[in-house]
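Reading through the structure tokens given below for one structure.
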Protein chains: 2
Amino acid sequence: MGRRSTTRRIGIADVALKAGVSHATVSRVMNGNLTVDPAIATRVREAAAELNYQPNPVGRSLALGKTDTIGIVVPDLANPTFQAILRGLSRAAARDGYRVLIADSSEVSSEEAILAGEARRRCDGLVLCAPRMGDAELEELAPSLQPMVLINRTTTESRVPSLMVDYGQGIQELAEHLVELGHTRIVFLSGPSRSASNALRVQGLEKFQAGHPGIELQMIDGGSNFEAGHGAVDAVLASGGTSVLAFNDLVAMGLLSGLHERGVRVPEDISVTGFDDIQFARYTTPPLTTAAVPITELGAQAWHRLRALIRNEGSQDAVNIFRPQVEVRGSTGPAKN
Amino acid sequence: MGRRSTTRRIGIADVALKAGVSHATVSRVMNGNLTVDPAIATRVREAAAELNYQPNPVGRSLALGKTDTIGIVVPDLANPTFQAILRGLSRAAARDGYRVLIADSSEVSSEEAILAGEARRRCDGLVLCAPRMGDAELEELAPSLQPMVLINRTTTESRVPSLMVDYGQGIQELAEHLVELGHTRIVFLSGPSRSASNALRVQGLEKFQAGHPGIELQMIDGGSNFEAGHGAVDAVLASGGTSVLAFNDLVAMGLLSGLHERGVRVPEDISVTGFDDIQFARYTTPPLTTAAVPITELGAQAWHRLRALIRNEGSQDAVNIFRPQVEVRGSTGPAKN
DNA sequence: AGGCAATGAGAAAACGCTTTCTCATCCGAT
DNA sequence: ATCGGATGAGAAAGCGTTTTCTCATTGCCT
């Protein structure tokens with residue numbers, strides 16, 4: 001048992017030597033080029049197998065001008081939404097032999113541009129989730145980043161597809177659901193103010209308000225995580241609202257937990273909705289009424305769009321809209337009075 | 001406004017041409033080599049800036065023999081545990097200028113070996129989470145994969161550090177906690193039978209049983225996700241146990257949800273514990289008593305160990321054990337009788 | 001039997017960078 | 001004034017592949 005790991009990695013030259021051919025021939029064999037004499041081909045394959053040869057991907061990438069890798073930039077890897085996008089993307093890409101490189105900007109929006117550029121240079125394409133980046137910067141960056149697909153953002157650069165979730169539509173439907181249950185005082189527990197997706201929700205609610213003048217709609221500043229929801233309990237109770245539209249499922253869960261601590265019953269005393277339908281939403285107590293976003297599928301779709309770009313296939317529409325679907329569960333019920 | 005994106009990527013040669021020097025000099029300047037005349041250096045830097053030149057990482061990697069990238073192989077990107085490891089790893093690595101490439105084996109253990117090899121070849125090091133891989137295969141693979149660090153596995157290959165969570169210890173402490181509350185009939189809702197970490201829990205429980213002959217300990221086959229927990233409700237209720245040690249938080253949450261549907265009160269009628277202390281555990285109703293594993297920190301630690309290996313720094317102990325810490329919350333209470 | 005197309009494999013260039021090697025230039029010292 | 005040692009930059013090799021170019025060999029056809 002020699003210490004083989006001390007040895008330098010074996011390369012194409014070693015195989016060529018062992019098989020008594022040139023490295024060109026080895027390369028041809030490894031790539032299934034048919035212009036090689038079958039006898040020689042098997043000889044090469046045997047040598048390769050014996051030496052356990054695996055082509056060096058870096059050399060390969062340099063010669064081929066592609067890395068078979070795509071990058072994804074996310075603002076926060078702790079957020080279930082981005083985890084799900086990543087998962088969908090990764091699995092779909094893997095199916096086509098692509099790997100994914102992740103770049104977590106940790107919510108530092110100034111990092112996003114740099115990370116995106118670095119990731120892009122190492123990869124054949126990019127999926128960009130940059131909810132906080134300024135429009136101007138995005139616009140400026142876009143050309144140098146493609147092939148790229150944007151999540152929940154758009155740009156005027158026509159070659160950059162966008163995958164959008166219609167948060168406005170979703171939140172309107174949730175609000176309608178509450179109205180149908182007889183609620184007239186609704187509270188919106190908002191997300192981060194600079195978030196693009198929060199803006200869409202606000203727009204949706206403005207439309208909703210316009211169509212329902214009789215409904216009293218309040219906004220309370222929140223955030224995007226448990227703590228925000230948990231910390232908003234007092235404000236929510238003080239508001240007098242009979243129902244709450246939380247920014248997302250995380251916020252809703254924090255709120256649910258806080259309400260339970262206060263002895264406030266859901267949905268008897270107050271109704272609560274989330275947004276996203278993360279895995280956990282189904283298992284809260286009570287199970288959370290929410291707007292389901294097919295987010296893993298969005299990740300997969302991101303890959304398909306990116307793949308089309310990489311392969312230079314004629315593209316479909318620039319923007320692809322995902323409609324959230326209301327999932328009525330136990331956290332919403334008839335208004336108290 | 002030319003269509004710059006149509007143009008070939010600009011390379012070191014373009015900068016050299018523009019600055020009127022050789023590409024060697026450009027390279028020297030870009031890498032901060034001090035043996036370049038300051039006047040020329042600035043000229044080069046200006047040219048580089050003007051052309052917006054960024055070195056091609058692939059060429060760089062080939063020349064340098066390193067990619068500044070590490071890989072991580074996970075069995076399931078949908079599992080919060082691996083998400084947290086990934087997060088910790090990614091952030092820690094980013095701090096040192098490394099990126100991470102992910103390989104999701106989708107629980108297909110036959111894929112693990114191949115994925116690991118491929119990922120390793122593209123990267124400078126590997127973090128391997130392969131709970132289902134056979135010992136023999138792991139042993140065989142280990143030498144060819146290093147530098148590598150293992151999560152919750154060990155190998156005889158001394159140069160491969162292991163980061164272990166002491167599941168045995170954790171589950172014992174949870175059981176002790178239940179005993180202190182007066183429980184004498186405890187159910188263990190087990191994880192996947194081929195999982196290494198499940199085996200550790202079973203071992204821990206055997207020790208526990210040896211020290212507490214009076215306690216009746218039952219095992220029920222479960223799984224590792226919500227559905228497993230939710231589906232085990234009947235079996236749990238039929239068992240007559242007054243408390244349940246769930247394989248992990250996900251299973252516990254599924255169980256909690258199922259019990260709630262049945263109108264069984266937690267912890268009044270039955271106590272439930274989880275394992276891992278994922279983010280969500282704190283916000284279930286009631287909040288989940290669990291054994292907290294500092295999993296994000298484990299991810300960070302994985303990077304530090306891997307970094308030491310990559311830098312060839314003398315390593316510390318081969319295996320690094322993380323002790324779970326019992327977090328008592330609302331899902332456990334005194335035994336019913 | 002001789003010539004020509006086809007076949008198949010080696011030589012060499014290319015990918016984009018880093019780094020060693022080499023050499024011209026300049027300075028100070030003798 | 002000449003030599004020697006720095007200094008600094010270009011030439012070229014190397015990293016590990018793929019692929020084009022080139023050429024030797026084979027086999028077929030006339």
Side-chain angles (χ1 to χ4, degrees), chain A residues 7-48 51-69 97 117-118 120-124 144, chain B residues 7-48 51-69 97 117-118 120-124 144:
Chain A
T7 320
R8 178 184 55 61
R9 273 198 70 77
I10 66 116
I12 203 172
D14 304 278
V15 180
L17 192 67
K18 176 144 194 161
V21 297
S22 71
H23 39 286
T25 299
V26 176
S27 172
R28 281 188 271 256
V29 172
M30 298 304 289
N31 292 292
N33 188 321
L34 300 170
T35 73
V36 178
D37 184 306
I40 295 189
T42 41
R43 188 145 49 93
V44 168
R45 261 188 285 271
E46 278 169 14
L51 294 173
N52 194 18
Y53 167 70
Q54 304 282 148
N56 176 327
V58 178
R60 216 151 178 277
S61 289
L62 187 59
L64 258 29
K66 63 178 198 140
T67 60
D68 291 344
T69 300
E118 281 186 356
R120 175 60 187 84
R121 243 168 285 128
R122 287 186 141 64
C123 300
D124 299 343
S144 72
Chain B
T7 320
R8 176 184 57 62
R9 273 199 71 77
I10 66 117
I12 203 172
D14 305 277
V15 180
L17 193 66
K18 176 145 195 160
V21 297
S22 71
H23 40 282
T25 300
V26 176
S27 172
R28 281 189 271 256
V29 172
M30 298 303 290
N31 293 291
N33 188 322
L34 301 169
T35 73
V36 178
D37 184 306
I40 296 188
T42 41
R43 188 145 50 92
V44 169
R45 259 187 287 269
E46 278 168 15
L51 295 173
N52 194 18
Y53 167 69
Q54 304 283 148
N56 176 324
V58 179
R60 224 159 170 271
S61 290
L62 188 59
L64 258 29
K66 63 183 199 134
T67 60
D68 290 343
T69 300
E118 282 185 357
R120 175 59 188 83
R121 244 168 284 128
R122 288 187 138 66
C123 300
D124 299 344
S144 74

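Just so it is clear, the values below take in all heavy atoms, side chains as well, and ignore hydrogens, waters and symmetry mates. Chain letters run A, B, ... following the sequence lines, proteins first, then strands; residues in each count from 1.
- Remark: A:Thr25 is in phosphate contact with C:dG10, judged by side-chain N or O atoms under 4.0 Å from OP1 or OP2.
- The base of C:dG16 has none of its N or O atoms less than 3.5 Å from a complementary donor or acceptor on the side chain of B:Arg9.
- Side chain of B:Thr69 to main chain of B:Thr67: a donor-acceptor pair is present (N/O by atom type, distance under 3.5 Å, no hydrogens or angles).
- Atom CG of A:Leu34 and atom C1' of C:dA9 are 15 Å apart (whole Å).
- Remark on DNA chain D: of its neighbouring residues A:Met30 and B:Asp37, the 5'-side contact belongs to B:Asp37, judged by nearest-heavy-atom nucleotide.
- Rounded to a whole Å, the CD atom of A:Gln54 is 14 Å from the C1' atom of D:dG16.
- Listed candidates were C:dT18, C:dC15, D:dA11. Nearest to the side chain of B:Ala24 is D:dA11.
- In terms of phosphate contacts, B:Asn33 brings no side-chain nitrogen or oxygen within less than 4.0 Å of OP1 or OP2 of C:dT19.
- One can place CG of B:Asp68 at 15 Å from P of C:dC17, the figure rounded to the nearest angstrom.
- Each of B:Thr35 and A:Arg60 was matched to the nucleotide of DNA chain D holding its nearest heavy atom; the match closer to the 5' end belongs to B:Thr35.
- Of the side-chain N and O atoms in A:Tyr53, one or more sit less than 4.0 angstrom from OP1 or OP2 of D:dT17.
- For B:Ala63, taking side-chain heavy atoms from C-beta onward, the closest of the listed nucleotides C:dA9, D:dA11, C:dC17 is C:dC17.
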